Amino acid sequence: MPASRPAAVLFDMDGTLVDTEHLWWQAAAELAAELDLTLTDADLPDVLGQAVEHTAAHLHRTSRTARPEADLAARLNESFAAKVAAGTVPRPGALDLLAALHAAGVPTALVSASPRRVVDLVLGTLGPHWFTTTLAAEDTPRTKPHPDPYLAAAERLALAPAACVAVEDTPTGVASARAAGCAVLAVPSTVPIPAVPGTTVRDSLAGVDLGYLAALTPAA
């Protein structure tokens, strides 16, 4: 008989639980304009779902600016944090799913490539009580697409990654979770995600319940 609840659920933050991917794009587009660049769809893979260092390196390389990459990264972080502080909106179904998991006592982790400052701002909107543990970009040596964040989250929950369901919205995040060995539920926010073995794609978190998540793990 299939399990009625997952062992644990590991959530990405930006674009998965809260509608912030467009804020990150705005921050990157504004900085690009300062560098006499105009972002296009061709820049999506290097902007959305990436760590700030990756996006800063992309803008540095593309613009050939003399400004150090570290300065560009700091500018991106400051701009994005200000936009998040001005208001974030949960994605459809996110709060209902978090409430159901919390009520059932299912361990959860927030696994973000955003800096701790931004994670804490979003937690102020969502509520930190939904999560057993939270990880920000500073909490692992490498961030997404490397497996480190999801491996660390599973370790904190004292579970094997294969017992966990990761919920993501970008190819970069999916790659991270899959590399760690998690089953993945992908809910694309901006960039399409192909359905491949080990990854289930849905349009929204609305209607996702505990049984649905439990059925995604091999143990179920």
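Only a predicted model underlies this, so the values are computations on that prediction, with no experimental measurement involved.
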message = Are His146 and Thr140 packed together at the side-chain level, in the sense that at least one heavy-atom pair is separated by less than 4.5 angstrom?
response = no

ask   = Going by atom types alone, do Thr134 and Arg116 pair a side-chain donor with an acceptor below 3.5 Å?
value = yes

query = About how many Å separate OG of Ser63 and CG of Leu37, when rounded to the nearest 0.5 Å?
reply = 5.0 Å

ask   = How far apart are the closest heavy atoms of Ala7 and Leu159, and which atoms are they?
value = O-CD1, 3.9 Å

message = Measuring from atom OG of Ser112 to atom CG of Asp14, what distance do you get when rounded to the nearest 0.5 angstrom?
response = 5.0 Å

key: Closest approach of Cys182 to Ala166 (non-hydrogen atoms, all atoms of both residues)   = CB-CB, 4.1 Å

Side chain proximity check, Tyr150 to Leu135, heavy atoms < 4.5 angstrom = no

query = Quick one: does Asp43's side chain have a donor or acceptor within less than 3.5 Å of a partner on Thr40's backbone?
reply = yes

query = Do Ile193 and Val208 sit in the same hydrophobic cluster, where Ile, Leu, Val, Met, Phe, Trp and Tyr count as joined when their side-chain heavy atoms come under 4.5 Å apart?
reply = no

query = Any Lys/Arg nitrogen of Lys144 or Asp12 sitting under 4.0 Å from an Asp/Glu carboxylate oxygen of the other?
reply = yes

request  = Grab the two heavy atoms, one from Ala177 and one from Val184, that are nearest each other, plus how far apart they are.
outcome  = CB-CG2, 3.7 Å

ask   = Can you find a heavy atom in the side chain of Thr200 that is under 4.5 Å from one in the side chain of Tyr212?
value = yes

ask   = Mind checking whether Thr125 and Val18 have side chains closer than 4.5 Å, heavy atoms only?
value = no

message = Take a 6.0 Å sphere around CD of Glu155 and say whether it holds more than 12 heavy atoms from other residues, nucleotides or ligands.
response = no

task = Taking Trp130 for its side chain and His102 for its backbone only, find out whether a donor-acceptor pair lies under 3.5 Å.
result = no

request  = Indicate yes or no for a side-chain donor-acceptor contact from Ser79 to the backbone of Arg75 under 3.5 Å, with no hydrogens or angles considered.
outcome  = no

inquiry  = Can you tell whether the side chains of Glu53 and Arg142 come within less than 4.0 Å, N to carboxylate O?
reply    = no

key: Separation of Phe11 CZ from Leu126 CG (nearest 0.5 Å)   = 10.0 Å

ask   = Is the backbone N or O of Ser204 less than 3.5 Å from a side-chain atom of Arg91, with the two atoms forming a donor-acceptor pair by type?
value = no

inquiry  = Is there a path of hydrophobic side-chain contacts, each under 4.5 Å between heavy atoms, that joins Met13 and Leu123?
reply    = yes

CG-CH2 distance between Leu48 and Trp25, expressed to the nearest 0.5 angstrom = 6.0 Å

query = Just wondering, do Arg67 and Leu31 contact through their side chains at under 4.5 Å, heavy atoms?
reply = yes

ask   = At what distance, to the nearest 0.5 angstrom, does NE2 of His129 lie from CG of Leu98?
value = 8.5 Å

key: Backbone N/O of Val84 and side chain of Thr88: donor-acceptor pair under 3.5 Å   = no

query = How far apart are the closest heavy atoms of Gly15 and Ser189, and which atoms are they?
reply = O-CB, 3.5 Å

inquiry  = In this structure, would Phe131 and Val9 fall into the same cluster of hydrophobic residues linked by side-chain contacts under 4.5 Å?
reply    = yes

task = Decide yes or no on side-chain contact (heavy atoms from CB on, under 4.5 Å) for Leu17 and Leu110, but give the supporting numbers first.
result = CA-CA 10 Å; Leu17 290 176; Leu110 186 68; 3.7 Å; yes

key: Polar side-chain atom of Thr170 near backbone of Gly173 as donor-acceptor pair, under 3.5 Å   = yes

request  = Verify the cluster assignment for Val119 and Leu76: are they in a single hydrophobic cluster under the rule of side-chain heavy atoms below 4.5 Å apart?
outcome  = yes

task = Apply side-chain contact (heavy atoms from CB on, under 4.5 Å) to Val118 and Phe80, showing your working.
result = CA-CA 8 Å; Val118 173; Phe80 181 54; 3.4 Å; yes

query = Of the non-hydrogen atoms in Val201 and Pro194, which two are nearest, and what is the gap between them?
reply = CG2-O, 4.0 Å

query = Quick one: do Val165 and Val196 end up in the same hydrophobic cluster if we chain Ile, Leu, Val, Met, Phe, Trp and Tyr together by side-chain heavy atoms under 4.5 Å apart?
reply = no

request  = State, to 0.1 Å, how close Ala8 and Val106 come at their nearest heavy-atom pair, and which atoms those are.
outcome  = CA-CG1, 4.0 Å

key: Steps toward side-chain contact (heavy atoms from CB on, under 4.5 Å) verdict (Thr16, Val187)   = CA-CA 7 Å; Thr16 299; Val187 185; 5.8 Å; no

query = Would Glu138 and Arg117 satisfy salt bridge (charged side-chain N to carboxylate O under 4.0 Å, His left out), going step by step from the backbone distance to the final call?
reply = CA-CA 10 Å; Glu138 300 94 329; Arg117 176 185 177 187; over 6 Å; no

message = Walk me through whether Ser4 and Leu210 qualify under side-chain contact (heavy atoms from CB on, under 4.5 Å).
response = CA-CA 6 Å; Ser4 61; Leu210 276 60; over 6 Å; no

task = Please determine, by modelled atom types, if Gln50 and Thr55 share a side-chain donor-acceptor pair under 3.5 angstrom.
result = no

query = Can you check whether Pro115 reaches Val52 side chain to side chain, under 4.5 Å on heavy atoms?
reply = no

ask   = Roughly how far, to the nearest 0.5 Å, is CG of Leu10 from OG1 of Thr132?
value = 9.5 Å

ask   = Any side-chain heavy atom of Thr217 sitting closer than 4.5 Å to one from Pro6?
value = no

ask   = Given side chains that start at C-beta, do those of Pro149 and Asp139 come closer than 4.5 Å, heavy atoms only?
value = no

